[in-house]
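I have placed the structure first, in the form of C-alpha cells, so that the comments after it can refer back to it.
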Amino acid sequence: MRQRTASQAAVLLALLSLACCIPHTAMAQEESRPDTLAAADTTSPGNSLVPLPVIFYQPETGLGFGVTASYFIRNSQAEESDVSRQQSSFVAPVAIYTTKKQIIISARTELYPSQGRYRVLGEVAFIKFPTKFWGIGNNTPEALEEDYTPQLFGLSGEFQKEVAPGWYAGVTVRFAYREITEVEEGGLLETGQVPGQDDGSVVGLGLVFARDTRSSTVYPRSGSYHQLRGALYNGFFGSAYDFGVVTLDLRKYFPLFTTHVLAMRGLGIAAPGSPPFDLMPQLGGEELLRGYFAGRFRDRDLLAFQLEYRLPVWWRFGAVGFAAAGQVAHELASFEIGEFHPAAGFGIRFLLSEEEGMNIRADFAWGFDVESSGFYLSFGEAF
C-alpha cells in the first residue's frame, strides 16, 4: 500500500477544514460504530439542515468524495445537565464515490427521544465495493491476494432504552441481500469452496446491552463505553446463511495532565456457524488495526486490542500516538499469544468544533509482520 505524499495530504486537509462533521458511514461491516457525530451548534434553538461535502482517503478506497445533508433535530426540553445535549438527533442521506470505483448510497438516522432515555438507530444502504481477499485464516500469505466485487443492499434498525443511569438495553434487526458480482479468474473465490460465494439474503435478530459513561460521544475525555451485542441469522427468519455473532466491545478513557487522554479498547467477536466470508470478523482498516488493509485477516473469531495517547499541540492542532494488536481464529481455543499481528502509528488532528471536540483525523500506520502501511484521512477518532 502506498502512502500519500505530504503535499497531497496537506491539500486534502485544507479542503476538509472547510467542512463540518458528518455521520461516519460504516462500509459493509457487521458492527457499526456507536459514536454520534454531531457538530452543529447545540446552543442554537430549533432544527437545522446542514449540507456538507464529503472527502476522505483510505488505502481500501483511495480518495473518496461525495455529498450529504444532515438534518439535526434539537430537543427543546433538554436541560443543561441532560445527556441529550451530547446526542443531537439527526437524519443524514449520503452519496459517495471513490477513485477505486466504489459506490456507497445510504441514509442513516439516530434519534434520542425523551431527553436521551431512548435511542432509535436505522440505516438503509446500497454498497458496491471492489476490494481484496487473501483467504480465511490468521496466517494467509500475500500470494493469495485477489480482487473481487461484493454488492449489498441492506436495512437495519435498533431500539435501545435506558434501564438505569448510563445503562441501555435493546433489540436489533438486520436484512441484507448480498451478491458477488465479480471474482478474479483463477482465484480462490472462483472455486466455489469459500463460504458465502453464492448470492443470498442475510436476515437476523439480536439483543444489545451497553453502559455508556463517556463525557462525550464524539471526543471522550473520561468515562467508559462497554457493549455486549448478540445476533442470530437463521433460515427461520429467511436468511440464506445460519450463523451467530457475539461482540464484546470495551472502551476506557483516562484524562491525564488536564488536556491529555489515554484511550484503551479491547474487542472480541465470535461468529459460530457458517458466516459468509465477507461478513466474518475482520482485521484491518481505519478503525481496527490501522496499517493493515481492511479484511487482510478474517475468520470466525477475532480478538484485538488498541491503545491511543491523544494530546493538544498548538492552536487547533493535536497529535496522537497509537499501537494495536489483533488475531483471528477458526475457534476460540485456537488463539495463541505469539500469533497476534502488531501495528503502530501516529496521527495529526485538526479541531473543527471546540464545543463538540470534533477532529479531522490524519493517521499514518504500519502493520509490521506483513510489511504493510496505510494513510487514513477522515472525521472523528478511531474509537
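Residues: numbered from 1 along the sequence shown. Side chains are part of it too, since the values below use all heavy atoms of this structure and drop only hydrogens, waters and symmetry mates.
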Query raised in the report: Passes salt bridge (Lys or Arg N to Asp or Glu O under 4.0 Å), E184 versus K132? Steps please.
Result: CA-CA 10 Å; E184 188 172 308; K132 297 182 181 294; over 6 Å; no
Requested in this report: Could you tell me the separation between the CD atom of E339 and the OG atom of S334, rounded to the nearest 0.5 Å?
Outcome: 10.5 Å
Report task. Look up atom OH in Y57 and atom OG in S378, then write down how far apart they are to the nearest 0.5 Å. Result -> 13.0 Å
Quick one: does any side-chain atom of [X] pair with a main-chain N or O of [Y] as donor and acceptor, under 3.5 Å?
X: S201; Y: G238; value: yes
X: T98; Y: L63; value: no
X: Q282; Y: V328; value: no
X: R174; Y: V202; value: no
X: Q58; Y: G285; value: no
X: S216; Y: Y219; value: yes
X: S372; Y: G291; value: yes
X: R316; Y: L352; value: yes
X: S156; Y: G122; value: no

Tell me whether [X] shares a hydrophobic cluster with [Y], the cluster being built from Ile, Leu, Val, Met, Phe, Trp, Tyr side chains joined at under 4.5 Å.
X: L250; Y: L262; value: no
X: F133; Y: M280; value: yes
X: F56; Y: F129; value: yes
X: F346; Y: M264; value: no
X: F65; Y: I103; value: yes

Is the closest basic N to carboxylate O distance between [X] and [Y] below 4.0 Å?
X: D278; Y: R178; value: yes
X: E286; Y: R361; value: yes
X: E142; Y: R296; value: yes
X: R290; Y: E308; value: yes

With a 4.5 Å cut-off on side-chain heavy atoms, are [Y] and [X] touching?
X: V54; Y: V67; result: no
X: V245; Y: Y233; result: yes
X: S215; Y: Y253; result: no
X: D301; Y: D299; result: no
X: H260; Y: P312; result: yes
X: P93; Y: I105; result: no
X: L205; Y: T172; result: no
X: L188; Y: V194; result: yes

What heavy-atom pair brings [X] and [Y] nearest, and what distance separates the two atoms?
X: P275; Y: P195; result: O-CB, 3.9 Å
X: Y225; Y: A210; result: OH-CB, 4.2 Å
X: P281; Y: I269; result: CG-CG2, 3.6 Å
X: F375; Y: A362; result: CE1-CB, 4.0 Å
X: T140; Y: G135; result: CG2-C, 3.9 Å

Query raised in the report: Step by step, would you call F322 with Y309 a ring-ring contact (aromatic ring centres under 6.0 Å, His included)?
Result: CA-CA 6 Å; F322 55 88; Y309 193 89; over 10 Å; no
**Report entry** side chain to side chain contact (heavy atoms under 4.5 Å, CB included) assessment of W315 paired with L351
**Finding:** CA-CA 9 Å; W315 189 48; L351 183 64; over 6 Å; no
Decide whether a cation-pi geometry holds between [X] and [Y]; the criteria are a distance under 6.0 Å from NZ or CZ to the six-membered ring centre and an angle within 45° of the ring axis.
X: R298; Y: F277; value: no
X: R310; Y: F383; value: yes
X: K252; Y: F254; value: yes

Query raised in the report: Should Y177 and F153 be marked as a ring-ring contact (aromatic ring centres under 6.0 Å, His included) after you check the CA-CA gap, both sets of side-chain angles, and the distance that decides it?
Result: CA-CA 5 Å; Y177 183 82; F153 172 77; 9.1 Å; no
Requested in this report: Begin with the C-alpha distance, continue with both residues' side-chain angles, and end with the deciding distance and a verdict on side chain to side chain contact (heavy atoms under 4.5 Å, CB included) for Y148 and E182.
Outcome: CA-CA 5 Å; Y148 78 101; E182 296 181 32; over 6 Å; no
Query raised in the report: Yes or no on side chain to side chain contact (heavy atoms under 4.5 Å, CB included) for L267 and L288, after CA distance, side-chain angles and deciding distance?
Result: CA-CA 9 Å; L267 178 67; L288 186 64; 3.7 Å; yes
Query raised in the report: Given V203 and Y241, is the side chain to side chain contact (heavy atoms under 4.5 Å, CB included) satisfied, shown in steps?
Result: CA-CA 8 Å; V203 186; Y241 301 93; over 6 Å; no
Go through the side-chain N and O atoms of [X] and [Y] and say whether any donor and acceptor fall under 3.5 Å apart.
X: H330; Y: N138; result: no
X: D212; Y: Q227; result: no
X: E110; Y: Y112; result: yes
X: E179; Y: Q151; result: yes
X: T149; Y: T181; result: no

Query raised in the report: What do the steps show when you test Y292 against D369 for side-chain hydrogen bond (donor to acceptor under 3.5 Å, both in side chains), and what is the final call?
Result: CA-CA 10 Å; Y292 294 90; D369 56 359; 2.7 Å; yes
Report task. With ring-ring contact (aromatic ring centres under 6.0 Å, His included) as the test, would you mind laying out the steps for F209 and W167 before giving the verdict? Result -> CA-CA 8 Å; F209 302 93; W167 290 86; 9.5 Å; no
Query raised in the report: Can you list the steps and then say if E60 with K100 is a salt bridge (Lys or Arg N to Asp or Glu O under 4.0 Å)?
Result: CA-CA 8 Å; E60 298 81 9; K100 294 190 177 182; over 6 Å; no
Query raised in the report: Hey, mind stepping through R108 and E123 against salt bridge (Lys or Arg N to Asp or Glu O under 4.0 Å) and telling me if it holds?
Result: CA-CA 4 Å; R108 181 183 176 192; E123 186 170 13; 5.1 Å; no
Query - Step-by-step salt bridge (Lys or Arg N to Asp or Glu O under 4.0 Å) determination, D249 to R229 - result: CA-CA 8 Å; D249 190 349; R229 178 184 295 267; over 6 Å; no
Report task. Given side-chain hydrogen bond (donor to acceptor under 3.5 Å, both in side chains), test Q160 with E158 step by step and report yes or no. Result -> CA-CA 7 Å; Q160 296 181 22; E158 184 168 318; 2.4 Å; yes
